[in-house]
Amino acid sequence: MEILFYLLDINHEVVDGRPEIRLWGFDNLGNRVLIIDRSFLPSFYLILGEDVDGDGIAKSLLERWGDNPAIAGVELTDRRYFGKPVKAVKVTCNVPEMARYAEAMAKTVGIKGHVEDDLRYASQYLVARDVYPCGWHVLEVGEGGIDPKPRVDRVYLAKSVPKAFEKTDVPDLRILSFSIICYSSRGAPRPESNPVVIISAATNTGMSKQFAADDTDDGPVVDSFVRLIEEFDPDIIVGYGNNTRDWPYLIERCRKLGVKLAVDRSGMEPHTSAYGHISVTGRANLDVNDLAEDLLEVKVKTLENVADFLGVRKRGERTIIEDVNISGYWEDPEKRVKLLAFSEQNAHDILGVCNATLDFTTQMANLVGLPLDQVEAAAVGFRVEWYLIRQAFKLGELVPAREERPYFPYKGAIVLQPKVGIHEKVAVLDFRSLYPSIMIANNASPDTYIPPDQPEPRSGVYVAPEVNHKFRREPPGFYKLVLSDLIKARQQIRDRMRGLGPKSADWRILDARQRVVKTCTNAVYGYAGWIGARWYVKPVAEATAAWGRYVIQQTLDEAKKFGLEVVYGDTDSIFVRHDPEKTGAFLKAVEERLGLDIRPDEVYERVLFTEAKKRYAGLLPDGRLDIVGLEVARGDWCEAAKRVQESVLRIVLREDSPKKAVVFVRGYLNGLKSGRVAYRDFVIWKTLTKPIESYEVNAPHVAAAKILRKEGWEMVVGDKVGYVIVKGKGKIYDRAKPYTLSNLSELDLDYYIANQVLPAAMRILEIFGVKESDLTVAEASKTLSMFL
DNA sequence: GCCGTATTCCTACCG
DNA sequence: ACCGGTAGGAATACGGCG
């Protein structure tokens, strides 16, 4: 019988010595189904040297390995490798672990190397069968079954190859969010000895559950949670930090308690899988903390900040209990109520964040072709790479192995020196997708690169300026094909969106898809220059950057011809004094000359530049401010400093009155000195970018992290440390304390004035000749150095 | 040992 | 665990100094 199937999760099993693929998802009637596919085996390729006897090598491989039970088949094939036609022996295996056979067989004379043995069996299936997570397929199935019986409505055996089926709607997913609270009287809880005292869960069907320990007896808590999952049977389980914290803790704790953490659909426990995520077979286990990495606007990625940014719940509408205070809240029966409420809020916020981001994540999974839970956890480079692997397969390109290589940087983009001060009516003109366009126009790609020692092809080459890297004109390279497809696809999606209401479900899904396509398009250049990339060819990235510099230089020359005043520019943009007529003609001339799409982005009413590049603020026609690069835009300045700077910018740009700004700052400082600024506005956040021991200097955030560690908290790479500077003598690092361990009365307010608020305010005001003393010295005694 | 300055380390931003 | 270009704070090294 034929069914429509939506893929949610994939895994493999070896049954009676035979590997098989398991596809978990839905049919179009809303049934949860498992489809077992026994028709596909893992494989790898042995690449042959040039001018060798392919048939002979295949034959000798068969003789040597044919009887090995792990080897199912050996076949001579034609493939491409970096664009060049090659002979390759495809070795099909009866075991999913292929690397050792690939290595052993590659030792055969005449074989240059082995590839694709490092692609997981399930991934190979998705690529080779062109099956897409979070997408619909049509296929022929028959009755099937596995032991033990999985937690699904139907089990089928695949009888045909699944074929992609055009259908945008998403099945009715059951989503369960959860959040756990663990208790230790001091420091970080450890699963060997400390209980999981609260588990809160919420579902998208409106159910809300909470399990709390009777004092420290957490067996029933975990048990109830497992039963809740069993009963609700979610398709998506979502948490915040569940990949790194919650699941590892629960797994370890359950081992200790002797409780089976049976939360998946096949009777196994959650386990570590690709890209540091934890896999729950048959479901998608999502960690919206991973997703938060994609939200560049959110600087300190706490659940409350992310929820706030996505409009899930407003800041202030929730109480926040810091990790260091949890034990106190749990121990005190009166405060325990608040802890329970806090945990419940967390579960609800996680659910809200999941709902707000699920379209994006499902579309990412579908475009890139990685399962939902993996794609959320994967870094940008790996997302791009999987998209490329899919396309490579369709082109008959072999997937290069990952290699370790040394790092040598190359020259990047041009940034112009800004003209200091305020400018009226400034237009920002930028090239649309400059790097992708350059790569397409010049066929820059790993498979079209012609090294200096090789002859030029008859069809000719494109030569990059400055670096002189050469790329064959014909045929179109891998990146050109991929990027052209992506750009075309995005255009098609946007065309389809035009016919839909902006609020409809289809519109939202398509909008998420076009955003995903754009993200991937823009990441290809970065991927090309990443030494970890399978298709890394440095000249591709280096040449693209060189062409980019050339384009901007040509644009500047043209602007000069038109008599346009350029006040700033960065990489793919120039900022000019707006003269509608001149600008229009100029844009046309540039397009003609360079064949690239350049267009006006914003026209700022007024824009302010300091002497520094990459830092400016512009006033938009609707009154909003664009603040770029300045302290306001940074996560490592305290709120107090950022707020003052933002106000100064607003006054200066909107009211054109530095004097008023000075008065404002003075007033703010007075308030600050008399304790009218909230404690949390003094917290400075910085990330630990390496293990505490490997720091060469004693930085304040490291000192604060050391204090936390001493208190029993584990501090790991990637942790954001919130610290304050307290009164006292000595270096700043001697006076940095974790903000959770201090309070307003301890703070060194003079430090905050001199090193946070004043620098942030002066960054703007110094442009107008304001002196620091204008902001600090008492009114009566001050000599007005400004307003000249 | 102190002081002012140059250099290095470190983080987070822009496009 | 995507690129290079850039700013800027704090720590540290350095040079002068009876």
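Note that this is a predicted model, so its numbers are computed, not measured. The sequence lines fix the lettering, A, B, ..., with proteins before strands; numbering per chain opens at 1.
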Mind calculating the distance between [atom1] ([X]) and [atom2] ([N]) to the nearest angstrom?
X: A:Asn755; N: C:dG8; atom1: CG; atom2: C1'; result: 12 Å
X: A:Glu696; N: B:dT7; atom1: CD; atom2: P; result: 18 Å
X: A:Ile414; N: C:dC3; atom1: CD1; atom2: C1'; result: 16 Å
X: A:Leu296; N: B:dC13; atom1: CG; atom2: C1'; result: 10 Å
X: A:Arg615; N: C:dG5; atom1: CZ; atom2: P; result: 19 Å
X: A:Leu630; N: C:dG8; atom1: CG; atom2: P; result: 9 Å
X: A:Gln645; N: C:dG9; atom1: CD; atom2: P; result: 11 Å
X: A:Leu295; N: B:dC13; atom1: CG; atom2: C1'; result: 17 Å

So what does A:Tyr568 touch, heavy atoms closer than 4.0 Å: a base, only the sugar-phosphate, or nothing?
nothing
So A:Tyr723, base contact, sugar-phosphate only, or nothing? Heavy-atom distance under 4.0 Å.
nothing
Verify the contact: side-chain N or O of [X] to OP1 or OP2 of [N], cut-off strictly under 4.0 Å; return yes or no.
X: A:Lys301; N: B:dA12; result: no
X: A:Thr571; N: B:dC14; result: no
X: A:Lys299; N: B:dC13; result: yes
X: A:Tyr695; N: B:dT11; result: yes
X: A:Arg763; N: C:dG8; result: yes
X: A:His701; N: B:dT11; result: yes
X: A:Lys686; N: C:dA10; result: no
X: A:Tyr733; N: C:dT12; result: yes
X: A:Tyr616; N: B:dG15; result: yes

So that I can tick it off, tell me whether A:Asp294 and A:Arg383 are bridged by a salt bridge, with the cut-off set at under 4.0 angstrom between side-chain N and carboxylate O.
yes
A:Asp570 bridged to A:Lys613 by N-O distance under 4.0 Å
no
Name the residue closer to the 5' end of DNA chain C, choosing between A:Gln417 and A:Ile531 according to the nucleotide with the nearest heavy atom.
A:Ile531
If only atom types and distance count, is the side chain of A:Asp597 paired as donor or acceptor with the main-chain N or O of A:Glu591 below 3.5 Å?
no
Counting side-chain heavy atoms from C-beta on, which of [options] comes nearest to [X]?
X: A:Pro759; options: C:dG4, C:dA7, C:dG9; result: C:dG9
X: A:Asn698; options: C:dG5, C:dT12, C:dG8; result: C:dT12
X: A:Ala633; options: B:dG15, B:dC10, B:dC14; result: B:dC14
X: A:Phe382; options: C:dA10, C:dG9, C:dC2; result: C:dC2

Using a cut-off of 6.0 Å, state whether more than 12 heavy atoms not belonging to A:Glu693 lie near its atom CD.
yes
